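Numbered from 1 within each chain, the chains take letters A, B, ... in sequence-line order. Model, not experiment: these values are computed from the prediction.
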2 protein chains.
Amino acid sequence: MERTKDGAPRSTAFASAQEVARLAGVSRSAVSRAFTPGASISEDTRAKVEAAAAKLGYHVNHLARGLMRQKTGIVCLVVADIHTPYLSRLLDHLSRALQEAGNVVMVLNAGRAAGNVEAALRQTLNYRADATIVLSGTPYRSIAQSCLDSGQRLVLLNRDDHLPGTVNLAVDNARAARTAATLFLRAGYRRLALVSSAIGTPSLLARRRHFLEAASENGVAVRIWEGGATAYDSGLQGGTELLAADEPPDAVFAVTDLLACGVLDAARRRFGRRVPEEIGVIGFDDIEQAGWASYDLTTFAQPVGEIADWTVRLVAGGIEAGMEDRVFEAPLVWRSSVARTV
Amino acid sequence: MERTKDGAPRSTAFASAQEVARLAGVSRSAVSRAFTPGASISEDTRAKVEAAAAKLGYHVNHLARGLMRQKTGIVCLVVADIHTPYLSRLLDHLSRALQEAGNVVMVLNAGRAAGNVEAALRQTLNYRADATIVLSGTPYRSIAQSCLDSGQRLVLLNRDDHLPGTVNLAVDNARAARTAATLFLRAGYRRLALVSSAIGTPSLLARRRHFLEAASENGVAVRIWEGGATAYDSGLQGGTELLAADEPPDAVFAVTDLLACGVLDAARRRFGRRVPEEIGVIGFDDIEQAGWASYDLTTFAQPVGEIADWTVRLVAGGIEAGMEDRVFEAPLVWRSSVARTV
DNA sequence: CTGAAAGCGCTTACAG
DNA sequence: CTGAAAGCGCTTACAG
C-alpha cells in the first residue's frame, strides 16, 4: 500500500466513495445512497454521483458494505464430487438461481476427507456468509451445528438428520424406489437385484430400504450388491458379479444412474444380455448419459430446477417465515431399459 | 442490528476481536497478531488469546481483514456450462487446488448470455477478488479488460487473445489434432470427416484447423459437419447426417468427447457400423464417459491437474515474477475406437 | 433530500 | 514483544 509523500490517498486501482463524492461535489453519504436501492436521494444528485462513478470506474466495495449491513450477499455451497453429473448439474442450477436473486456463490469443495469439512465450515464463518447450503450426502454434523450457532441460515440437501433451525430439502426416494419395484414386478421380472455403493448416504440408504420393502411385500427376495464409490465402475463390477452368479437377476435397480450405466454395460457388453427382454434396469437421477442411445435408461429425474428455486426462496425469505422442510417428487422417466407393462 | 440500552456492544452471533481481547486480558492488537502467521507475539499471550477465542467461538472476519490487507483471499472462477463433464472436472480440480493454497473460490456462473458476463465482472470487482480465472471458451474481452484495469490478476484458460498483463493457459490443440489425422491415415482410413459444434471457441477452432491442415498435407480431403451446441446431441446428429450421405466417412475426428460419443452412437446404433473396423472415431477431453465400455473412445486427455496446479502458482506468485503463458500437452489415450497401426 | 459523525471489525506502522 | 491510534471503505441513524 503506497502512499504519496504529502499524505494524499494511496494509489489503489480502485476509486473510493470518497473520491467519487469529491468529484461529484456531494457528500460521502450521497454516494452511498446513490448505490442503495430505495434510499432517499434526488434525481439530480444521483445523476451527478453516477456520472462521477462512471468516470472513476467506481465499484462499491462489498467487503466494506458487508461489514455494516446485515447481509454480505455471500452464499456458500459445501459440496464434494463436483465433477459428478448430478452434482455438477445441481451446482449449475443453484449457482445460476442464486446469482439471479442477487447473491454471490462461494463454492467450498469438501472433497472426501473429513478434515476438509472443518475447513469449509471455517471459511463459511470467516466470510460471514448469509447462508450455506450443504449439497453432499455425507453427514456433516459438525459443520451444520457450528453454522447454526453463528446464526447462519442453513439448508441441507438430501440429508435425514433434521437439526432444529435447519431446512431440509429432499427427494421422494421412498416413492421412487417403490415404483421401481412395482415396475419390475408388473413387467414380469422375478429375480430382482439391487446395486449400490459402499457409501452410506441417506438418499442411497432410503432407496435401498424402500425397494427391499416393496419387493418383500410382494413376496420377492432381492439380491444385493454393494461396493465401491457411487460410480460407473462400481456398477460395472456389481453387474458383472451379479450376472456371473448362479441365479443371475433379470432386473436390477441401481441406486444411481452412474451405477446403472455400469450395470447396463456389464449386462450387454460382458454377458450379451438383451435389454429389456432378458434383463431390466432402472436407475436414479436422470443424468444426461441416461438419455444417450447406448443406455436409454429408465430412471427417476432429480428435480434440480425446483430444488434450486426453493433454495433461493429460503435464502431470501428466511426460514422463520413459515418455510419448512420439503420433499420433491422425482418423476419417472420412461425409456427402454425396462419392458413395459403389458 | 440491535443495541442494548446502555450502549454495550450489539448482540451479534459473532464475537469480535475486541471481546476476545477483553476476555484474554490483552490488547486488540495482540488478538490480531495471534491470528497473523509470522507476527511477533509471545507464546504466552498467543495462548491466552487462543483460549479466549475458542471460548467465544471467535472467527476472524475476512471481510474486515480484506479491507486492510492486500489480499482478500478470494479467487473468482468465471465459467459457463458447469454441468459439462470436462468443465465440472476442471472446476473440481481448480477449486480444490485453490483451497489448499489458502484461497476461497467464488464461482461466477456466466451462463450463455452475454449480459451475464458483465454481471460476473462486476461481482469480481465488487468483492475485490485477488484474481479471476476465466474458464470459458467464449471471448469475454470486456471482462478481461476491466479486471486488468483494476489491478486484478487474470488467468485465461483456452483462449487465444493475449491481452497484455494476462496469463494464458492452453492445451496443445495443434499437436493433438495433427496426431488424430496421422493416426487415421496410418491405420488406413481414407474418408476423413470432422464433427464440431457451431460454437466458435478458440480451442475448437484450433483443433479443426490443424486437423484439416494435416489431412490436406497428406492429400486427403475432409468432410466437415458443424452445428448445434458442443454436446452429445450435436454429435449424434452430425454422425447421422454424415453417414447418411453419399460417400460416408470411415473416420471422424470429433472436436470434443461429448460430440464423439454422439457420433459413435450414430454409427453403431443407427447405422450398425462396427468400430473400429468400419469406422474410426477420435475425440478430445478424455471425459469419464470416454472410458465407459459402450464407447471406449480413443481421445486426448485434458491435463486438468497440471492446469490447476499451474493456476495456483500464478495466483500465489504473481504474474510479474517471470511467469508466462503456457501450453500443456494433451496426451493421447489409446482405446478401441481406432484401428491400431499395423 | 442532505451532510457530519459514529461505527462495522480488522491491520499496521509507531513508539515504547 | 506490546498497546494506542489511525485508517480501510462503507452504512446508517441523527439532525437539519
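- Here Ser27(B) reaches the OP1 or OP2 of dG3(D): one of its side-chain N or O atoms lies under 4.0 Å away.
- Base contact: Ser40(B) has a heavy atom under 4.0 Å from a base atom.
- Looking only at distances, no side-chain donor or acceptor of Asn109(B) sits under 3.5 Å from a matching main-chain atom of Ser95(A).
- Residues satisfying the side chain to side chain contact (heavy atoms under 4.5 Å, CB included) criterion with Arg46(A), sequence neighbours excluded, are Ile41(A), Glu43(A), Glu50(A).
- Atom-to-atom, CD of Glu19(B) to P of dG9(C) comes out at 8 Å; the value is rounded to the nearest Å.
- Between Thr45(A) and dT2(C), a side-chain N or O to OP1/OP2 separation shorter than 4.0 Å is present.
- Residue Tyr127(A) contributes atom OH, which lies 22 Å from atom P of dC8(C) at whole-angstrom precision.
- Remark: C1' of dG9(C) and CG of Asn126(A) are 13 Å apart, rounded to the nearest angstrom.
- Partners of Glu100(B) under the salt bridge (charged side-chain N to carboxylate O under 4.0 Å, His left out) rule, at least two apart in sequence or in another chain, do not exist in this structure.
- Checked against Leu157(A) for a side chain to side chain contact (heavy atoms under 4.5 Å, CB included), the options Leu135(A), Val79(A), Val78(A), Leu77(A) give a single hit: Leu135(A).
- For Ser42(A) and dT2(C), the shortest distance from a side-chain N or O to OP1 or OP2 is below 4.0 Å.
- One atom, CZ of Arg128(A), and another, C1' of dC10(C), lie 10 Å apart when rounded to the nearest Å.
- Without hydrogens or angle criteria, Thr72(A) side chain to Arg128(A) main chain gives a donor-acceptor distance under 3.5 Å.
- Of the residues Leu154(B), Val155(B), Ile133(B), the one that meets the side chain to side chain contact (heavy atoms under 4.5 Å, CB included) test with Leu314(B) is Val155(B).
- Separation of the Phe14(B) and Tyr58(B) ring centroids does not fall under the 6.0 Å cut-off.
- The CG atom of Asn61(B) sits 9 Å away from the C1' atom of dC8(C) (whole-angstrom rounding).
- Across dG16(D) and dT12(D), the matching C1' atoms stand 16 Å from one another, rounded to whole Å.
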Any chance you could list the contact pattern along nucleotides 11-16 of chain D? Use B for base contacts, S for sugar-phosphate-only contacts and - for none, protein heavy atoms under 4.0 Å, 5' to 3'.
BBB---
Applying the Watson-Crick and G-U criteria (both distances under 3.5 angstrom) with [ ] for crossing and | for other-strand pairs, one obtains for DNA chain D |||.||||||||.|||
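- By the side chain to side chain contact (heavy atoms under 4.5 Å, CB included) test, Thr84(B) pairs with Asp81(B), Tyr86(B), Leu87(B), Leu258(B), sequence neighbours left out.
- At whole-Å resolution of the value, CZ in Arg22(A) and P in dG3(C) are 15 Å apart.
- Leu125(B) places its CG atom 14 Å from the P atom of dG9(D), with the value rounded to the nearest Å.
- Between the CG atom of Leu67(B) and the P atom of dG7(C) there is a distance of 18 Å, rounded to whole Å.
- Applying the salt bridge (charged side-chain N to carboxylate O under 4.0 Å, His left out) criterion to Arg96(A), with sequence neighbours excluded, gives Asp92(A).
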